[in-house]
Every structure is written in C-alpha cells, then in structure tokens.
Amino acid sequence: MKIGSAEHRDLFCNHFISTYTDYDPATLPWPELDEAGLQRLRSVPFWQEVLHTERRAGAIVQAFAQTIDDPLVRKAVDLQGFEEARHAALILEMIRRYDIVVEEKPMEPINADIVTAFRDFGFGECLDSFLGFGAFKIARQSGFLPDSMFKIFETLMYEETRHIVFFVNWMAWRAVQEGRGAAWQRHLTTSRFYWRALSRLIGTVRRGQQVNDGRDFSATQASVFLEGFTFRKFLEDCYSENRRRMSEFDAELLKPAFLPKLADTALSSLRLWSFSRRRPKQAI
Ligand SMILES: [Fe+2]
Ligand SMILES: [Fe+2]
C-alpha cells in the first residue's frame, strides 16, 4: 500500500470508523468512592485543564470537519469531533458526581486557519498521549484510585490512541496530496509542530503551577505514586506503554514515531551513562 494513496485513505478512515465504541458518560459504571478516595480524586489539580482541553478539542475538530471535501475523511474527522466532545461530557460527569471544584474558563478563540489549528491540536495530542500513557500506568499501579475508575478512563485512553494513529496517517496522506510527501519535508513539519506543542505544554505547566500555588497536591496526595519515581522509569513506562498500545493497531497503519524514537535515544544514553558510572575504575 502506498502512503498517500486512496487505498491508504480508505484504510485509516475505515479503521477509525469501525473501532468506534458507543457509550454514554452518564451511564458508565462509576464507582462509589470512600472519603479517602474522594479526597484523592478532588486533590488532582488538572481536572479544570483537562475539561477545557477536551472542550476546545471538540470545537477545533468539529470546525475542521466542516471544511473537508473528501466525504470519507470528513466522516472520520466528524466522528473524532464527536468523541472529543464526549470526553468533555465524561469529565464533566465525573466533576458533577464527585463534587470536584473547578472554575470554568472561557474558551479562547480558535485559529482562523483551521487546518493549522487541527495540526497544532493533533501534535499536541501525540505529545500529551505519549506522556499520558506512562503517567496512566504509574497512577494505576499505585492504586491512587480504585481500578474501576481507571477502567472508565481506559476507554478514553484507547480513543486518544485511535485519534493519534488517525492523525499521523492523515498528516502523511495530506502531505502527499499537497505534493509535500518527501521524507525530509514530513520530518521538518513534524519537528516544527512538536516544538510548538512542547512550548504550549511548558506554558500550561507553568500556568498550572501558579494556579495551584498553595495547594498541597505534590506534598501529600501525589506521594502515593511519586514514591520511587524517577525520570528514567517514567520514560521507560511511556515508551513501553506506547509500544503495547500501538501493537493493537493494524500493522499497515502508520504510528507516531518521533517521540518513541526520541525516548529510545534518551533511554539508551541514560543506560550508557549509568553503566559507565557503575563500572569500577581500573588501576593503572
Ligand atoms: Fe479527547
Ligand atoms: Fe483526542
């Protein structure tokens, strides 16, 4: 199958559409939480940011879908828009059920260049998902919340994985359509958009630190899963979870490759560094 061909388009769109899961956030098996569980859930400092991100995602993806001429691509992107809006509904349902305090932020205007807005959003999703895969595994293993809660969020994680697989395939297909399908051109675009995504993420983290100043999340609640936390372990979890989740997808589909490669290089360097530090100095 040639990347950028009609066959490629049919594969990534039909795969996306056929793996849709039907559910209503209101009727999911939400667990009863004891007081300690409730406190832990309410102490998570980023629910407001997650809700805002999902709402914005729904608006961007739905707006972009309206501009697509190809009926199959449009149908798939439209479905993604629906799923993003449902993610926001799921977070809102959780906020309502467990009395989590959030302040709703007004939505900032979407970039008038809707293709660039969708690309920025897509690369942001690739970055967030790669880091989220590792964080999700660590949080789940620590038992920070009952496993029934993680099962609900597993649905969301799977959908995000589908979204980024769809996105990298769409990027490659579209690049060929626009005559920019050469490997160097695609790598240049990827690097540029990841850099933008990383800058936005750093900005969000900085803003989050200011907003959460005075709240004691890191000192108390997060210690449950921060015990024994190292950057290397986190990166290893991101890498292995990405590999595990991607292995469930059709081998012919493209998968996000930039961040796993970067992580692999970083991990090899870290291993080499710790090996050379451990090796006893030889007597001359
Ligand atoms: Fe989402
Ligand atoms: Fe998504």
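Whatever order the structure lists them in is the order used to number ligands and atoms, beginning at 1. If you're wondering where the values come from, they're calculated on a predicted model, not measured in any experiment.
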For Val176, the rest of its hydrophobic cluster, which grows through side-chain links under 4.5 angstrom: none
Would His87 and Glu160 count as a side-chain hydrogen bond (donor to acceptor under 3.5 Å, both in side chains) here? Give the steps. CA-CA 10 Å; His87 289 170; Glu160 296 301 6; 3.1 Å; yes
Validate the cation-pi geometry between Arg162 and Phe167: distance from NZ or CZ to the six-membered ring centre under 6.0 Å, angle to the ring axis within 45°. no
For the Fe ion (ligand 2), which protein N/O/S atoms fall under 2.8 Å? Skip waters. Glu84 OE2, Glu125 OE2, Glu160 OE1, His163 ND1
Just wondering, more than 12 heavy atoms not from Lys105 lying within 6.0 Å of its NZ? yes
Other residues, nucleotides, ligands: >12 heavy atoms within 6.0 Å of Lys75 NZ: no
What orientation do Phe16 and His163 show, parallel under 30°, tilted 30 to 60°, or perpendicular over 60°? tilted
